[in-house]
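Data first, discussion second: the structure below is written as structure tokens.
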Amino acid sequence: MKIKSQLSQIIQAALERADIPSDEEIIISDASKPEFGDYQFNGIMKLAKQLKKNPREIANQVIEQIPTEGMIAKVEVAGPGFINIWLSNAWLSDQSSAILDDTRVGVGYVEQPEKVIIDYSGPNMAKQMHVGHLRSSIIGDTLATLLAFLGDEVIRQNHIGDWGTQFGMLIAYLEEQGTDSSHQELKDLEQFYKDAKVRFDESEAFADTAREYVVKIQQGDTHCLQLWQQFIDSSLRHCEEVYEKLGVNLTRDDVRAESFYNDRLPAVITTLQSQNISTTSEGAECVFLEGSDTPIIVQKGDGGYLYSTTDLAALEYRAKELQADRICYVVDARQSEHFRQVFTIAKKAKMVPESVKLEHIAFGTMMDKSGKPFKTRDGGTVKLIDLLDEAVVRAKATIKERENQEEIDLDHVATALGIGAVKYADLSINRESNYLFSWDKMLSFDGNTALYMQYAYARIQSIFRKYEGELSGAIIIGDELEHRLALMLLKFEDTLTKAAVEATPHTITAYLYELVTLFMKFYEQNPILKEGVEESTKMSRLQLASLTGKVIKKGLEILGIEVVDKI
RNA sequence: GCGUCCGUAGCUCAAUUGGAUAGAGUUUCGGACUUCGGAUCCGACGGUUAUAGGUUCGAAUCCUAUCGGGCGCACCA
């Protein structure tokens, strides 16, 4: 239900009827307080200023033109010229009843679907996935699910790091150690990488050999490529294991590795040179952008290419061959300058048409309790697979603590809760700020956590285990709480739309939290199955509960979090 | 040094993009209930939005300066 845009249209029409010229977009806000109604329109003051008229007078002229039958129950002018809007109970009743059996719980589709590329996860093939990949993987996956649900055509891209100096190093070390060890799984590859790195740092001769191997791979040496392919396969299998545990929907089909763009790199340089965007400086091919003395190097003095070059090639591929309308990079905030530069160059060189939206979906660093970057006790990076396993173990312990356990599949529930807690904790804060990782906080049943939502869902399911009849009759809005609850349920689409436009998953979690607290209050005060509740009231409340459960489930599903019927 | 992002309750975070008396959770204290799942609900305490100016009907949000912090800056990705 697109409530805000409906209200915008009503205001727009009222402005026209009142003969008040306006070319501003009509932005409807949620009311800041319950006594100000359900929604408010604050644009009159700005409008009045332009027209040099009294804002309250104009506001009064406008509300005279707003019909108070159907959707709107009441409108008022308040303060310097706010227009407060109350929705009618009858309308809420009709609308919420209408979406009960809708699998999309009333959520429509975007008016103009776009083809959207979402670049996320992007693990390095030389190492195991660590906590640094967590945020990109789950924010990106949520964004992909969300946009697809709203009707965009989503293309996921996993830009894995499978090229460059490190692989020369690995292969050189493998050759040195003997090829027998080439069948090892990634657990060993991690150690293998460390050993190779030590060798690389201590021996100049080995480092030179490693660099030679890089050139060999790039020139297509069959033997080297074969060894390289083994590393990649082993590494990808490990990633897939992590994605599986994490519930992230990336497959091999989504992989467009760095090496994929290899053939396109020389053309990038030609394109830049032919338009005089790049110049040679100190032997390297450089782009100097306005306002900065330090250039972006696109080709090294030795002829090698850099990650800016690869990113430019990827941008062109995505814009021209994949025909994207919007390209989202879910990457660490520290790379914001890099993306700003690459986006500027790509547009300047017409590698990407002006109309294509390029967005860096930046996110902050994961911190530990003391506010330092998240590391293991000995200062190493925390492996993602270990973190997820620990989450499940801790969730299991939390579940066991509670009394009156129902019959449940402990492993399944612990997985849903543990993984859900990790994901929810991350998704529920503004992605741009750094994020404090705390087991205690994320595995709490109190506050804005996955467990609180999952608990609420389980409670609702419990109602329907007790009540086995059919649902019928209308949703009746009997009091203020039911009014707010029904409205909240209908706000689901507006919430998702905002989250999609701004790429902010925390908009969804904030909504779910508000919905669930509202439901808990409603449930506390308005008995459903207790003695003495009138049949029509019971039916109405059952349906509100059912709808709430469906919205919680769908909302969590978009966030990639599972619900369970019993905890 | 240059650039960039940030500074909100003791702690963790919001604030619909310039709107009304800055909201939640947590902690602490108090309360409800012979529990439709009490892992619940209600209330209280807690703020000069880092500081100082400015812009205007109106600023946590925009501008300027200062203080404090994160991050990035020529051949790694």
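Chain letters run A, B, ... following the sequence lines, proteins first, then strands; residues in each count from 1.
- No engagement by A:A48 is indicated, since no non-hydrogen atom pair under 4.0 Å with the nucleic acid exists.
- The nucleotide B:G7 finds its pairing partner in B:C67, both defining distances of the Watson-Crick or G-U wobble pair being shorter than 3.5 Å.
- The pair A:E502-A:K498 meets the salt-bridge criterion, since a charged nitrogen lies less than 4.0 angstrom from a carboxylate oxygen.
- Among the nucleotides B:C75, B:U17, B:U12, the one closest to any side-chain atom of A:I27 is B:U17.
- The distance from atom CG of A:D201 to atom C1' of B:C76 is 13 Å, rounded to the nearest whole Å.
- In terms of position along RNA chain B, the nucleotide closest to A:A510 lies nearer the 5' end than the nucleotide closest to the other residue of the pair A:N42 and A:A510.
- Using a 4.0 Å cut-off between charged nitrogen and carboxylate oxygen, A:D409 and A:K566 do not count as a salt-bridge pair.
- Among the atoms of the strands shown, only primed sugar atoms or phosphate atoms (P, OP1, OP2) are found under 4.0 Å from some heavy atom of A:L306.
- Other residues, nucleotides and ligands contribute over 12 non-hydrogen atoms within 6.0 Å of the CD atom of A:E35.
- Counting non-hydrogen atoms under 4.0 angstrom, A:D565 reaches a base of the nucleic acid.
- A sub-4.0 Å separation between OP1 or OP2 of B:C42 and a side-chain N or O of A:K521 is present.
- When the P atom is used for both B:U40 and B:U26, the distance is 8 Å, rounded to whole Å.
- Contacts of A:D302 with the nucleic acid, taken as non-hydrogen atoms under 4.0 Å apart, are absent.
- A salt bridge between A:D30 and A:K4 is present, with a side-chain N of the basic residue lying under 4.0 Å from a carboxylate O of the acidic one.
- Judged by distance alone, with hydrogens and angles left aside, A:K4 brings a side-chain donor or acceptor within reach of the base of B:U16, the pair sitting under 3.5 Å.
- By the neighbour-count criterion of 12 heavy atoms within 6.0 Å, atom CG of A:D302 is densely surrounded, having more than that number from other residues, nucleotides or ligands.
- Across all strands shown, A:N430 has heavy atoms under 4.0 Å from sugar-phosphate atoms exclusively, and none from any base.
- The phosphate of B:C36 has OP1 or OP2 within less than 4.0 Å of a side-chain N or O from A:K530.
- Taking CG of A:L547 as the start and CG of A:L489 as the end, the distance is 4.5 Å to the nearest 0.5 Å.
- Between the P atom of B:C71 and the NE2 atom of A:H338 lies a distance of 20 Å, rounded to the nearest Å.
- In this structure, A:R264 fails the cation-pi test against A:Y261, since its NZ or CZ atom is not both closer than 6.0 Å to the six-membered ring centre and inside 45 degrees of the ring normal.
- Ranking B:C76, B:A77, B:A74 by closeness to the A:S281 side chain, first place goes to B:A74.
- Heavy-atom distances to RNA chain B give each of A:I44 and A:Y435 a nearest nucleotide, and the one nearer the 5′ end belongs to A:Y435.
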Enumerate donor-acceptor pairs with a distance under 3.5 Å from any side-chain N or O in residues 522-534 of chain A to protein atoms, sequence neighbours excluded.
{"from": "A:N526", "atom 1": "ND2", "to": "A:D479", "atom 2": "OD2", "distance (Å)": "3.1"}
{"from": "A:N526", "atom 1": "ND2", "to": "A:E482", "atom 2": "OE2", "distance (Å)": "3.0"}

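- Counting non-hydrogen atoms under 4.0 angstrom, A:Q525 reaches nothing in the nucleic acid.
- Nucleic acid contact for A:E432: none, since no nucleic acid atom lies under 4.0 Å from a heavy atom of the residue.
- B:G18 and B:C63: their P atoms are spaced 11 Å apart (whole Å).
- The glycosidic torsion of B:U17 lies within 90° of 0, placing the base in the syn range.
- As judged by a 4.0 angstrom heavy-atom cut-off over every strand, A:G164 is placed among residues making no nucleic acid contact.
- When heavy atoms are screened at a 4.0 angstrom cut-off, A:D440 is found touching no nucleic acid atom at all.
- Here the nucleotide nearest the side chain of A:M520, chosen from B:A24, B:U40, B:G19, is B:U40.
- With respect to the salt-bridge test (charged N to carboxylate O, under 4.0 angstrom), the residues A:D208 and A:R211 qualify.
- Checking B:C76, B:U21, B:G19 against the side-chain heavy atoms of A:K300 singles out B:C76 as nearest.
- Contacts between residues 449-470 of chain A and RNA chain B, counted as heavy-atom distances below 4.0 Å, involve A:Y452, A:Y455, A:A458, A:R459, A:S462, A:R465, A:K466.
- Residue A:D446 contributes atom CG, which lies 13 Å from atom P of B:G38 at whole-angstrom precision.
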